[in-house]
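Below is one structure; the comments refer to it alone.
Below, each value reflects all heavy atoms present in this structure, side chains not excepted, and no hydrogens, waters or symmetry copies. In this text the structure is predicted, and so the values were computed from the model without any measurement. Here is the naming used below: chain letters follow the sequence lines, and residue numbers restart at 1 for every chain.
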Amino acid sequence: MYIEEAKNFVGQEVEIKGWLYNSRSSGKVQFLLVRDGTGIMQCVISQNDVGERLFKDAEKVTQESSLIVKGIVKQDERAPGGFELVIKDLTVVQIASDYPISPKEHGVGFLMENRHLWLRSRRQWAILRIRSTIENSLREFFNERGFILIDAPILTPAAAEGTTTLFETDYFGVPAYLSQSGQLYMEAACMAFGKVYCFGPTFRAEKSKTRRHLTEFWMLEPEIAYITFEENLQLQEEMISFVVKKVLANCKEELKIIGRDTKPLEKVDPPFPRIHYRDALEILRQKGKELKWGDDFGGDEETLISNEFDKPVFVHHFPEGMKAFYMKPDPLEPQTVLAADLLAPEGYGEIIGGSQRIDDYNLLLQRIKKNNLNLENYKWYLDLRKYGSVPHGGFGIGLERTLAWIAKLPHVRETIPFPRLLEKIYP
RNA sequence: UCCCCGUUAGCUCAAUUGGCAGAGCAGGUGGCUGUUAACCACAAGGUUGUAGGUUCGAGUCCUACACGGGGAGCCA
């Protein structure tokens, strides 16, 4: 039996295979908190039931030792979770000695050094289960809408955007780079399959040392042929709302463990507010932040704007030249591009960046040259504008930042099993 | 790359003006028949990040370096 199914086994004899999370004893009774990956269950062992020998064995089981217990499932208000196991038999698989993570407080540095063990603790268990739910619901959302999953390459010959933030590696004697984005490849794929998305790791060698940055993070990038800018925003707000609803429905226990107030999440429903870049500047001016046309927002600015709303908010129509080279100028106001960032509430900042892509061959060629990109590398990308070019667009959603917001975590490093941070790659 | 803070027992932290390095947890031993990060008792645990300097005397003051944390820029 798995612990999460305990309520279906009341009165029955079952076997739990797991690890000792913690134990307490009181003379001739011991309480073993056993975890099996699906949950934690209090198991009671009394000397009168099992005899002195087995009782003594149980006393020797240390924190995180692996063990198998057999007994009867009982409903009991005194047990955390409402169910406990009355132990009849216990087998030790392996005794763990000197487990470094005690039930008391630890610092982040120590916990990160022991990330491989930290994953076993309750809070990390809850967070990573929410991560799994988010990933699954994202896939479900796109699969239900007829999107085709296209895996983008991780080794690439050139940069999608800037060249300073790339991890370089040797590819049989020529330089190759770890992917920064699958987007350009998705543009090719959407011309073949109509609606596509990729979901995988991306790499940024930025020397960023903040609560919002990882050097390796996961991004989901849809790309849709013939989509309009407005349809793109609708897709994003429907996707976010779908994911939040799935987490609220499927992760009640996990949200409780991490102490997440779910009220702000319950408000997440389309439509999301839309703020023109020009009006975002005005909001900031009223808050005492004077920015010039063309200035980008930092973390503080994003927080000021998102705090004006109790839902995620789109900021759109950024000045041309401020964003990536492939973004399409709005024909109605050509000094801006048809791009939008989605800012999460509660100060979590940008979780989505999306845009219409340039579909005109000559304009794209001009932009590539203007950005000093090597034309050789973009020949195939230009081909897409040569052979049946169509209006198209898409976006990229950062998984870790989305999870940090939904779980209201102070730092993204807890949102990924093994975070890769500035100059840190162990374990 | 820049700014700020920190580094004392395995872990989390104390240590007054520069004057005998100390708790809790973990680990050890013993006790307790319903515990909830259980509790009680006892014992053990230290080259105070490294290198130099000031001083009768440095965990404490100064300099450099290393490592860690937070933030800026940049970005999802």
Show me the protein contacts with nucleotides 12-14 of chain B, counting only N or O atoms at under 3.5 Å.
from: U12(B); atom 1: OP1; to: Gly107(A); atom 2: N; distance (Å): 3.1
from: U12(B); atom 1: O4'; to: Glu105(A); atom 2: O; distance (Å): 3.2

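Looking at heavy-atom distances under 4.0 Å, Gln63(A) makes no contact with the nucleic acid at all. Contact annotation for Lys60(A): no contact, since no heavy-atom pair falls under 4.0 Å across all strands. If you check every strand for non-hydrogen atoms under 4.0 Å, Thr62(A) touches nothing. Within the nucleic acid shown, Ser46(A) has no heavy atom closer than 4.0 Å to any nucleic acid atom. No contact: Asp341(A) has no heavy atom under 4.0 Å from any strand.
Salt bridge Lys70(A)/Glu13(A): absent, no basic N to carboxylate O contact under 4.0 Å. A salt bridge does not link Glu254(A) with Arg131(A): none of the charged nitrogens is closer than 4.0 Å to a carboxylate oxygen.
With 3.5 Å as the limit, one finds no donor-acceptor pair spanning the side chains of Gln183(A) and Glu223(A).
Under 3.5 Å, the side chain of Glu84(A) and the base of G34(B) form at least one donor-acceptor pair of N or O atoms. Under 3.5 Å, the side chain of Gln42(A) and the base of U35(B) form at least one donor-acceptor pair of N or O atoms.
Using P as the reference atom, A43(B) and G22(B) are 14 Å apart when rounded to the nearest Å. Taking atom C1' in both G18(B) and C65(B), the straight-line distance is 25 Å, to the nearest Å. When the P atom is used for both U8(B) and A15(B), the distance is 14 Å, rounded to whole Å. Taking the P atoms as reference points, A66(B) lies 15 Å from A51(B), given to the whole Å. Taking atom P on both nucleotides, G27(B) is separated from C40(B) by 16 Å, rounded to a whole Å.
Where RNA chain B pairs in unbroken runs of 3 or more (Watson-Crick or G-U, both distances under 3.5 Å), the stems are B:1-7 with B:66-72, B:10-13 with B:22-25, B:28-31 with B:39-42, B:49-53 with B:61-65.
When the nearest nucleotides of RNA chain B are assigned to Asp76(A) and Ser23(A) by heavy-atom distance, the more 5′-ward of the two goes with Asp76(A). If you find the closest nucleotide of RNA chain B to Asp98(A) and to Arg24(A), the one lying nearer the 5' end belongs to Asp98(A).
Remark: Asn22(A) is not in phosphate contact with A26(B), judged by side-chain N or O atoms under 4.0 Å from OP1 or OP2.
Two rings, from Phe325(A) and Tyr378(A), have their centers less than 6.0 Å apart. You'll find the ring centres of Phe141(A) and Tyr197(A) outside the 6.0 Å limit.
Comparing atom distances between the His411(A) side chain and each of G73(B), G27(B), G70(B) picks out G70(B) as nearest.
Aromatic stacking of Phe217(A) on A76(B): satisfied, with centres closer than 5.5 Å and planes within an angle under 30 degrees.
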